[in-house]
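First the structure, in the form of structure tokens, and then the observations on it.
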Amino acid sequence: KAVEEILKIDIKPGWKKGTKITFPEKGNQEPGVRPADLIFVVDEKPHALFKRDGNDLVVHRKVSLLEALSGKTVELTTLDGRFLTVPVDEVIKPGHEVVIANEGMPISKEPNNRGDLRIKFDVKFPSRLTAEQKSDLKRVLGGGL
């Protein structure tokens, strides 16, 4: 005779992929044999914008060469719906990373702490420049690069 039972799992913010939740003796049951444990394993659904790296969240942003040299304000919406504005005033080199403390994933064993948000930049270089653009760049930058 089949017995139906509803088991509730309270997913805690910040649980990592591979976290196991065990319900002792709630698995298959056969006469004369102790029931097996029922084990659920947490998996993560990929997000369109953020990638998880431990407790950190990583987001990639493309910037033009002009933005890389003159500055860029990055705007994004966090996983919990807040709007962040991050001014980046320094020169952005390919592979540059800006770290924003405490804007990553909640740390399940430390409820008041979070990982970091890491913004990684990819600089888009122009595929070609006209002679006039090259001349203007040489004049403005003066060979100082």
Side-chain angles (χ1 to χ4, degrees), residues 1-130 133-134 136-137 140-145:
K1 177 183 171 197
V3 176
E4 192 175 298
E5 183 177 354
I6 295 173
L7 301 172
K8 184 178 176 190
I9 300 174
D10 289 321
I11 303 292
K12 290 187 173 72
W15 271 2
K16 292 182 177 142
K17 180 178 182 172
T19 300
K20 292 182 180 178
I21 301 97
T22 303
F23 291 94
E25 299 185 12
K26 295 292 183 184
N28 287 344
Q29 298 182 5
E30 295 177 24
V33 179
R34 196 179 111 209
D37 292 345
L38 181 61
I39 301 172
F40 289 90
V41 180
V42 172
D43 197 0
E44 287 179 352
K45 193 168 144 182
H47 190 271
L49 182 62
F50 298 101
K51 186 175 171 89
R52 185 173 187 171
D53 182 7
N55 291 317
D56 292 348
L57 285 176
V58 179
V59 63
H60 289 265
R61 278 295 153 100
K62 290 186 179 195
V63 292
S64 69
L65 181 55
L66 177 60
E67 291 168 326
L69 294 173
S70 61
K72 167 80 175 161
T73 297
V74 177
E75 296 175 338
L76 50 90
T77 304
T78 62
L79 288 176
D80 57 1
R82 290 175 296 111
F83 190 71
L84 286 183
T85 301
V86 182
V88 184
D89 298 326
E90 66 264 30
V91 172
I92 300 171
K93 296 177 179 147
H96 184 79
E97 185 175 289
V98 171
V99 178
I100 302 158
N102 267 352
E103 286 293 349
M105 291 297 291
I107 300 173
S108 58
K109 292 183 170 94
E110 303 171 33
N112 296 327
N113 291 326
R114 299 169 80 92
D116 296 333
L117 172 62
R118 298 181 357 232
I119 305 171
K120 292 188 172 193
F121 290 94
D122 178 22
V123 180
K124 295 181 293 184
F125 285 82
S127 52
R128 62 184 180 79
L129 295 172
T130 65
Q133 287 171 319
K134 287 178 186 178
D136 287 346
L137 280 172
V140 171
L141 298 176
L145 291 181

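Since the model is a prediction, treat every value here as computed from it, not as a measurement.
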- Item | Heavy-atom check, side chain of His60 versus side chain of Lys51, under 4.5 Å | no
- Polar side-chain atom of Asp122 near backbone of Lys62 as donor-acceptor pair, under 3.5 Å: no
- How far apart are the closest heavy atoms of Glu103 and Leu57, and which atoms are they? O-CD1, 4.1 Å
Indicate every side-chain donor-acceptor pair of residues 91-102 with a distance under 3.5 Å to a residue at least two apart or in another chain.
| residue | atom | partner | partner atom | Å |
| --- | --- | --- | --- | --- |
| His96 | NE2 | Glu90 | OE2 | 3.1 |
| Glu97 | OE2 | Arg118 | NE | 3.2 |

- Can you measure from CG (Asn28) to CG (Asp37) and round to the nearest 0.5 angstrom? 11.5 Å
- Query: By side-chain contact (heavy atoms from CB on, under 4.5 Å), which residues pair with Glu30, not counting sequence neighbours?
  - Reply: Val33
- Task: Scan for salt bridge (Lys or Arg N to Asp or Glu O under 4.0 Å) pairs involving residues 66-79, sequence neighbours excluded, and state none if there are none.
- Result: Glu67-Lys72
- Message: Within this structure, what is the CG-CG distance for the pair Leu65 and Leu129, rounded to the nearest 0.5 Å?
- Response: 8.5 Å
- For the atom pair CD1 (Ile11) and OG (Ser108), what is the distance rounded to the nearest 0.5 Å? 11.0 Å
- Message: Looking at Arg61 and Phe121, would you say the former's side chain and the latter's main chain have a donor-acceptor pair under 3.5 Å?
- Response: no
- Item | Gly14 to Met105 - nearest heavy-atom pair and separation | CA-CE, 4.2 Å
- Any chance you could lay out the side chain to side chain contact (heavy atoms under 4.5 Å, CB included) test for Lys45 and Asp43, step after step, and finish with the verdict? CA-CA 7 Å; Lys45 193 168 144 182; Asp43 197 0; over 6 Å; no
- Indicate the atoms forming the closest heavy-atom contact of Thr130 with Gln133, along with that distance. N-OE1, 2.8 Å
- Item | Qualifying residue for side-chain contact (heavy atoms from CB on, under 4.5 Å) with Leu76, from Val86, Val59, Thr85 | Val59
- Query: Between Asp10 and Lys12, is a side chain to side chain contact (heavy atoms under 4.5 Å, CB included) present by the stated rule, with each step listed?
  - Reply: CA-CA 6 Å; Asp10 289 321; Lys12 290 187 173 72; 5.6 Å; no
- Message: Looking at every heavy atom in both Ile107 and Arg114, which two are closest together, and how far apart are they?
- Response: CD1-C, 3.9 Å
- At what distance, to the nearest 0.5 angstrom, does OG1 of Thr78 lie from CG of Leu117? 9.0 Å
- What closest approach, in Å, do Val42 and Trp15 show between heavy atoms, and which atom pair accounts for it? CG2-CE3, 3.9 Å
